[in-house]
Every structure is written in structure tokens, then in C-alpha cells.
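Following: one structure in C-alpha cells, then a few remarks.
Note that the numbering runs from 1 along the sequence shown for the chain. Note that this is a predicted model, so its numbers are computed, not measured.
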Amino acid sequence: MPIAKSKPDTNRSAKLAAFDRLLTVMDELRENCPWDMKQTLQSIRHLTIEETYELSDAILENDLEEVRKEIGDIMLHMVFYSRIASETNHFDVADVLNGICEKLIHRHPHIYGDTEVKDEKEVKENWEKLKLKEKGNVSVLGGVPKSLPAMVKAMRIQEKARGVGFDWDNQNQVWDKVHEELDEFKAEVEKGDEEKARDEFGDLLFSLVNYSRFVNIDPEEALERTNKKFIKRFQYLETESKKDGKTLGEMTLEEMDKYWEKAKTIKK
């Protein structure tokens, strides 16, 4: 497949200058700021995770100004890691950037090689097969990070299994599985067996994540949107009931529900 010519980037020089400026600022901070001088790969790890979640929040809120700021914070962290590693001659930012470019070229043989693909599905399947060969993993699931949140991990496990053909044929089969797991969970709850009920609940969640893939819903994003929606409505309940001189702990469920229903009618 021939590579289409990209449109001229009239702002490329400004982008390169901005990245060069970030590298310069990072060097100056690392060499002169007591806090920056003290940091290690391990010490800023948790900060990177926090920044990633802040970017996720901004995206869900569709706050593009905040998205811009959070991308900047994450780029700073990537440059910071690269600078730290360069001090021990392990790698620098050029190695990082060239490495990702080489990986992208290798994993897109339908763009940079002779491979033919019909659709996005085949692109993803080729990606997973190439990734498996590159890393030399014994298991297809070997590349799933152990520290991923459980719901995200379930999604990635299922995607990787699908990449080698281990998946349901259609969403109706998965929906039947959801009902099966729900019945099994309900049965164990009714028996009072907490351990088995916990296991069946896990199976139920896993099957729901599976179904979400077939209807193109990101389960993590969907749950987080519901979390945010609940928070907004509950905070409305708190503020409005307080205006009426009421205290949450002393209100009946029926009284609280009136505020809740009103909160549902308010536009975001």
C-alpha cells in the first residue's frame, strides 16, 4: 500500500522549538532545582499515574483547555524519565522517540510494507500477532500489565484473546452468558456462600465487560461517567436540602428521593 503524502505542517518549526524548549527547561531544573535533582524513576512513578488520571478526567469532562494542560504534565514526565535514564547512559529522549517510530512502522505493515488488510479488525489482529513475536511472550496474555485496574485489565485480556481468534461469534452469545452468570451469582447469594458469591460476581462482571466490547462501549469510561453523574446528583441533594434547612442524616429516603429526582432533570 503506497504511503499517502501528508499535508505540509506549516507549524512544524514552532513545534520543534517548543519541544527543544521543554528539553532545555528540564535540563536546567535537573541541574539546579533541589527537588528535581533528587527525583528518581521510582519517586515520580506515582505522580505520573496521578497525572494520567487527571488527563482522563479532563477528557471525560470534554474540558479541552484542561486536556491541553494535562498533556503537558504527562509530556514533562516522559522527558523527565528520559533525562534521568540518560544520566546513567541507559537511553535518552532520542532513543525513546526513535524506538516508538520504529515500532509503529513495524506494526503497520499495511502502510509501510506489502501486507493487505480489509478493515480495522485485521489491523488489530496483526498488531497483536506482531507484538507477541517481538516480545517473545510464552502467553498471548503476557503483555497485559499486572498493575492495571481490574476492569481495564479484563478488557485488555479479552482483546488479546480475540486477537488470536479466541472469542464469541456474536453479541447474542455473550448476552446469554451474562444472564447465565447473573443466575449463578444470584443462586450463590441466596445460599449465603460469600466466597462462591464473590467468585460468581467476578464472572458476572467479566461477562459484562465482554458484552461491552461487542456493543463498542468502554466499560471503564461508562462506569466513571456514572460515578460522576452520581456525585453531581448527590451534591445537588446535599446543597438543596441544606437550603431548605434539612439535614441528610435526619431525612427519610422518600424526602431525599424528591431532591434526587429533581437533580435528574437538571442539564449537565
May I have all residue pairs that pass side chain to side chain donor-acceptor pair (under 3.5 Å) and include part of residues 196-222, sequence neighbours excluded?
Gln158-Arg213, Asp167-Arg213, Asn210-Arg213, Glu221-Arg225

Enter the distance from Leu47:CG to Glu54:CD here, rounded to the nearest 0.5 Å.
10.0 Å

From CA spacing to verdict: side-chain contact (heavy atoms from CB on, under 4.5 Å), Glu31, Asp27
CA-CA 6 Å; Glu31 293 166 10; Asp27 288 342; 4.2 Å; yes

Membership question, hydrophobic clusters at under 4.5 Å side-chain separation (ILVMFWY): are Phe19 and Ile71 in the same one?
yes

Residue set satisfying ring pair (Phe, Tyr, Trp, His ring centres under 6.0 Å) with His77, at least two apart, ordered chain then number -> none

Just to verify, what does Tyr259 make a ring pair (Phe, Tyr, Trp, His ring centres under 6.0 Å) with, not counting sequence neighbours?
none

Which atoms form the tightest heavy-atom contact between Leu204 and Phe185, and what is the distance?
CD2-CD2, 4.2 Å

Test ring pair (Phe, Tyr, Trp, His ring centres under 6.0 Å) applied to His179 - qualifying residues, sequence neighbours left out
Trp175

Between Lys242 and Thr239, does a side-chain contact (heavy atoms from CB on, under 4.5 Å) hold up when you go through it step by step?
CA-CA 5 Å; Lys242 187 176 182 180; Thr239 56; 5.8 Å; no

So, Thr247 side chain and Glu250 main chain: donor-acceptor pair closer than 3.5 Å or not?
no

Would Glu87 and Arg83 count as a salt bridge (Lys or Arg N to Asp or Glu O under 4.0 Å) here? Give the steps.
CA-CA 7 Å; Glu87 294 167 5; Arg83 165 64 202 234; 3.0 Å; yes

Testing the 3.5 Å rule here: is there a donor-acceptor pair between the side chains of Glu224 and Asn227?
yes

Using 0.5 Å steps for rounding, measure from the CE atom of Met155 to the CD1 atom of Ile217.
9.5 Å

So does Lys118 get a backbone contact from the side chain of Glu122, meaning a donor-acceptor N/O pair under 3.5 Å?
yes

Is the shortest distance from a Lys or Arg side-chain nitrogen in Glu125 or Lys121 to a carboxylate oxygen in the other one below 4.0 Å?
yes

State whether Lys228 and Asp57 are salt-bridged, where the test is any N-O pair (Lys NZ or Arg NE/NH1/NH2 against Asp/Glu carboxylate O) under 4.0 Å.
yes

To the nearest 0.5 Å, what is the distance between OG1 (Thr265) and CD (Glu261)?
9.0 Å

When you measure from the side chain of Asp20 to the backbone of Leu16, do you find a donor-acceptor pair of N or O atoms at a distance under 3.5 Å?
no

Parallel under 30°, tilted from 30 to 60°, perpendicular over 60°: which one fits the rings of Phe234 and Trp260?
perpendicular

Search all heavy atoms of Phe80 against all heavy atoms of Trp35 and return the closest pair with its distance.
CE1-CZ3, 4.0 Å

Could you check whether any side-chain N or O of Lys246 sits under 3.5 Å from a backbone N or O of Met251, counting only pairs where one atom can act as donor and the other as acceptor?
no

For Glu181, salt bridge (Lys or Arg N to Asp or Glu O under 4.0 Å) partners two or more places apart:
Lys177

Treat each ILVMFWY residue as a node, draw an edge where side-chain heavy atoms are under 4.5 Å apart, and state whether Val93 and Ile44 are in one component.
yes

In the structure I gave you, are the side-chain heavy atoms of Cys101 and Leu104 within less than 4.5 Å of one another anywhere?
no

Given 3.5 Å as the limit, does a donor-acceptor pair link the side chain of Asp257 with the main chain of Leu253, or not?
no

Set of side-chain contact (heavy atoms from CB on, under 4.5 Å) partners for Thr226, sequence neighbours left out:
none

